[in-house]
Every structure is written in structure tokens, then in C-alpha cells.
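To keep things clear, I will list the structure first and then write my remarks on it.
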Amino acid sequence: MPLSARSYFVQQLLRWNRLANKRHMPWKGEKDVYKIWLSEIILQQTRVEQGLSYYEKFINDFPDVHALANASDTRVMKLWEGLGYYSRCRNLLQTARMVQDIYEGHFPKSYETLLKLPGVGPYTAAAISSFAANAPYAVVDGNVIRVLARFFGINRPAGDAVGKKVFDQLAQDILPNGRSAVYNQAIMDFGATVCKPAAPSCGTCMLRSRCYALNQHAVSSLPVKRIRPEKKDRYLHFIYIQYKGKVCIVQRRQKDIWQGLYQLPAIETSSKNFPAHFRPILTSQPKLWDDTDYTQVLTHQKIHARFYRISVIKKPEIQDGLWINEKELNEFPMPKVLVHFLKNIHK
DNA sequence: AACTCGGGGAA
DNA sequence: TTCCCAGAGTT
């Protein structure tokens, strides 16, 4: 009886993993659920190379869930600064405190329990439960979608509900019995190092003989990509307000980008024009700091930032304003664009 | 179902 | 520039 495509896929993938997978990462083979969870949260929508140093910092500063749960919001957010998607960090802290209070410090390992934790969705619950307990749940991340779409010829976007179900079902169907931990790791390593988004190594791929995309010349068209909404331009004007050697910062609380981070007081305009006034923050007019236009491109927005300065004799009333010493500025977590600005002016 | 949430590296 | 990354939460 001929080997089915699915059996061939799993067999060859595991063979590749055994013979040719050279990828090693500090959390690979880790059995401490806390550390597995930490690595998975950090790596959501984040490249391994980018998350690596953050993982090391977190493990070093917070070696167990208690250390993390008892740390201050600002300290944890400061450590997360620059990694982006800050709701991950807020949920990280919330989960650590939940685990300490509700589970007495014992991190859950079961898929269903993990799913209830804030910041843990289907992918992360499958990853943690399989890595920590070899539970039979297939991970479906960007790597898996790409590998399955190409090898099996899934000509359907994974973004919508139907597509998601198709990929979930297929991934779960082919998950080899009793080897979910090794297999889940293997398919993601394979996607990251062989079946890459651009310029995959098809020439030497151990699955090439039965790969749909390679044989149908569809490698570059699979997986089917979703259309991205247009980026919106936003114009932010930050003011460096000095009063008696102190400077004012505010925390972003609104439901918007960078929630929870700190920044210099700012006003937003709808065009790149110089704002007519800086009310309600200031009644007098600050001066432009320099001609530098700091831009930062996010997934859905393009941020245009300008910086202004003013030194005041009378302390202005600024909503939720924190007046701190200039040397303390680097103790507060801030958006990257402000970190860049502050680094520039202090040298 | 569609939108929103960062930042960086590579093509 | 554009794409995509060990996705999840909200509307």
C-alpha cells in the first residue's frame, strides 16, 4: 500500500528533525512551565532573534513566577520596552499574579486551563501543553500555516474563520500520536529554517518529492496572503516641558497604541502642519526642538513625531502629569520613538 | 468577521 | 517600500 501524503509528510519531517535540524534555542527542551510560557508570550508575532535577549533578561530578573508576580508594573514594562505589542506585557503580569494567587504558584499545564489565562490563545495553549506535558495539541502558527499550505496545496487564506478551521483540522489530524512535543517543535523549526517565507531551500528539502507547491510551481504564491489595510498617518507633537530642573511625563491610559507606556505630554494633529497652539497642555507656545522628523512605521499606522521644548516659571496644570528629574527619564518605559529622541539629545 | 496592537530584519 | 514574524483580544 502506497504511503499517503500525510504519512509521508510526518515521516519525512521527523526524519529531517532527527538528521538535519541544527536549530537550538535556550527554551528548547525546557521543562519549567513558567519558562516555556514566558518564551511563548515573548515570541508571539516576534522573530526568535528579536525575542532572544528579552527572554534572557526576563529569566535573569524574574527566575520564577513569584519574582515576576511581585514586581512592579513599571519595572516589568521597562524590561519589555522596545519589544512591542504591549498588551502581551500587561497580560503577562496579570497571568503571573493569577498563577500565584489562584494556583498557588503552580503554573498550569493542561490545554483547557491554559486557555483561560489572559494572553494565552489556541496557539500558545497548544505549545505550552505539548512542550511541558506532551499533550496532543497541534500548534498552528505562521510557520505551520506556510508549511502545510505549500506541501498540501491549501489554496485558501488562513485569516478567516473557514481557513483557520481548515488549517487547525489538518494540523491536528496529522499530529503523530505520542510525539506532539517533538513534532510541534520540528514543524516550526522546519518552517523557520527550510520552508522560509522568502527564498525557501527547496533544492535540498527532504520533503521536495511530494511537495505540492514545488511540483506545481506555486511556492511563491502559497500561503495565500491576506490583504492588509492601508496605514494611517498620525502626527504627534511631543513637548519637553522643563520646570525647576524637572520634566513632565504622562502615562498613556487611553485605548490606543502604547497603552501603559509613558511619554512627554503631546498633542496630535490631523496633518503634518505645525499646530496652531498647544492647548490644553500649554497656553504659551513651545519652540521646535530641531528639524528632525522622527517617523516610526507600525503595522497599521505611520507615526510622525516632532519634538518641542519650553522652560516655564509657573508650573502648568497637566492632567496626570508626573514631574521627574531628567535623569529619571530612562527609568520609565516609553515608545521606541521617544527612546530614540532622548538618546539623541543626551549625547 | 474585521480591526487593532510594535518593532525590526530581510528582500 | 513591503512582507512577515512561535497571535490574542476587542468590536
Side-chain angles (χ1 to χ4, degrees), chain A residues 23 25-28 30 36-55 77 80-92 94-95 114-131 137-147 149 157-165 167-168 171 181 184-193 195-200 220 223-232 234 252 254-261 294-303 333-340:
Chain A
R23 202 181 194 206
M25 299 167 290
W27 48 83
K28 204 163 167 177
E30 178 64 58
I36 297 173
W37 162 74
L38 187 57
S39 71
E40 292 302 338
I41 301 299
I42 287 175
L43 291 170
Q44 285 170 3
Q45 289 293 285
T46 303
R47 292 163 186 268
V48 167
E49 313 85 74
Q50 190 187 359
L52 192 55
S53 67
Y54 285 85
Y55 175 78
M77 194 62 99
W80 194 277
E81 181 187 77
L83 195 54
Y85 283 165
Y86 297 94
S87 67
R88 289 185 293 171
C89 186
R90 298 193 300 272
N91 288 331
L92 187 82
Q94 196 185 333
T95 289
L114 286 162
L115 258 190
K116 295 176 186 165
L117 301 173
V120 176
Y123 162 78
T124 305
I128 299 175
S129 63
S130 67
F131 294 149
Y137 295 92
V139 292
V140 181
D141 73 334
N143 289 305
V144 173
I145 288 167
R146 185 172 56 257
V147 172
D160 57 74
V162 180
K164 183 165 171 41
K165 201 168 179 180
F167 282 98
D168 284 351
N184 277 341
Q185 185 63 58
I187 192 171
M188 289 194 286
D189 287 346
F190 181 76
T193 61
C195 198
K196 297 170 286 187
S220 61
V224 178
K225 59 183 81 168
R226 64 190 172 113
I227 38 188
R228 288 170 190 275
E230 207 172 325
K231 286 188 195 337
K232 287 171 188 159
R234 290 181 70 176
R252 293 181 67 91
Q254 63 274 38
K255 200 166 172 50
D256 191 8
I257 54 172
W258 303 325
Q259 189 183 22
L261 300 189
Y294 292 80
T295 68
Q296 181 172 9
V297 180
L298 310 181
T299 305
H300 294 82
Q301 305 180 19
K302 187 172 183 182
I303 308 295
M334 296 190 186
K336 207 69 177 177
V337 64
L338 278 120
V339 173
H340 285 147

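Proteins come first, then strands; the chains are lettered A, B, ... in the order of their sequence lines, and each starts at number 1.
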Check whether any side-chain nitrogen or oxygen of [X] sits under 4.0 Å from OP1 or OP2 of [N], and answer yes or no.
{"X": "A/Q301", "N": "B/dT4", "value": "no"}
{"X": "A/Q45", "N": "C/dG7", "value": "yes"}
{"X": "A/Y86", "N": "B/dG7", "value": "yes"}
{"X": "A/W27", "N": "C/dA6", "value": "no"}
{"X": "A/R146", "N": "C/dC5", "value": "yes"}
{"X": "A/T124", "N": "C/dA8", "value": "yes"}

For the [atom1] atoms, the ones on [N] and on [M], what distance do you get once it is rounded to whole angstrom?
{"N": "B/dG6", "M": "C/dC3", "atom1": "C1'", "answer": "15 Å"}
{"N": "B/dA11", "M": "C/dA6", "atom1": "C1'", "answer": "22 Å"}
{"N": "C/dA8", "M": "B/dG8", "atom1": "P", "answer": "23 Å"}
{"N": "B/dC5", "M": "C/dC4", "atom1": "C1'", "answer": "15 Å"}

With sugar-phosphate meaning primed atoms plus P, OP1 and OP2, does [X] contact a base, only sugar-phosphate, or nothing at under 4.0 Å between heavy atoms?
{"X": "A/G82", "result": "sugar-phosphate"}
{"X": "A/D256", "result": "sugar-phosphate"}
{"X": "A/W37", "result": "nothing"}
{"X": "A/K164", "result": "nothing"}
{"X": "A/L83", "result": "base"}
{"X": "A/Q185", "result": "base"}
{"X": "A/R23", "result": "base"}
{"X": "A/V120", "result": "sugar-phosphate"}
{"X": "A/P229", "result": "nothing"}

Establish, from distance only, whether the side-chain atoms of [X] and [Y] form a donor-acceptor pair under 3.5 Å.
{"X": "A/R234", "Y": "A/Q301", "answer": "yes"}
{"X": "A/Q45", "Y": "A/R88", "answer": "no"}
{"X": "A/Q44", "Y": "A/Y123", "answer": "no"}

Of the listed nucleotides [options], the one nearest the side chain of [X]:
{"X": "A/N91", "options": "B/dG8, C/dG9, C/dA6", "value": "C/dG9"}
{"X": "A/Y85", "options": "C/dG7, C/dC4, B/dT4", "value": "C/dG7"}
{"X": "A/I257", "options": "B/dC5, C/dC3, C/dA6", "value": "B/dC5"}

Rounded to whole Å, please give me the gap between [atom1] in [X] and [atom2] in [N].
{"X": "A/W80", "N": "B/dC5", "atom1": "CH2", "atom2": "P", "answer": "17 Å"}
{"X": "A/I41", "N": "C/dA8", "atom1": "CD1", "atom2": "P", "answer": "8 Å"}
{"X": "A/R88", "N": "C/dA6", "atom1": "CZ", "atom2": "C1'", "answer": "11 Å"}
{"X": "A/M77", "N": "B/dG7", "atom1": "CE", "atom2": "P", "answer": "11 Å"}
{"X": "A/L298", "N": "C/dT1", "atom1": "CG", "atom2": "P", "answer": "14 Å"}
{"X": "A/E230", "N": "B/dC3", "atom1": "CD", "atom2": "P", "answer": "13 Å"}
{"X": "A/Q44", "N": "C/dG9", "atom1": "CD", "atom2": "C1'", "answer": "11 Å"}
{"X": "A/E81", "N": "B/dG7", "atom1": "CD", "atom2": "P", "answer": "9 Å"}

Atom NZ of A/K116 with >12 non-hydrogen neighbours under 6.0 angstrom: no
Closest-nucleotide 5' rank along DNA chain C - winner of A/K255 and A/K231: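 Of the two residues, A/K231 wins.
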5' precedence on DNA chain C between A/R228 and A/L115 (nearest-nucleotide basis): A/R228
is_close_aromatic(A/Y86, A/W258), centroid dist under 6.0 Å: no
Closest approach of A/V144 to A/M188 (non-hydrogen atoms, all atoms of both residues):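 It is CG2-CG, 4.2 Å.
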Closest non-hydrogen atom pair, A/S130 against A/A181: O-CB, 3.3 Å
Under-3.5 Å donor-acceptor pair between A/S87 side chain and C/dG9 base: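 Not at all, since no donor on one side and acceptor on the other fall under 3.5 Å apart.
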Check: B/dG7 base within 3.5 Å donor-acceptor of A/T46 side chain: no
What N/O pairs connect the protein and nucleotides 9-11 of chain B at under 3.5 Å? Give each pair on its own line.
residue : atom : partner : partner atom : Å
B/dG9   : N2   : A/R47   : NH2          : 3.4

In terms of side-chain geometry, is the basic nitrogen of [X] or [Y] positioned less than 4.0 Å from the acidic oxygen of its partner?
{"X": "A/D168", "Y": "A/K164", "answer": "yes"}
{"X": "A/K28", "Y": "A/D189", "answer": "yes"}
{"X": "A/D141", "Y": "A/R146", "answer": "no"}

5' precedence on DNA chain B between A/A161 and A/H300 (nearest-nucleotide basis):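 This one resolves to A/A161.
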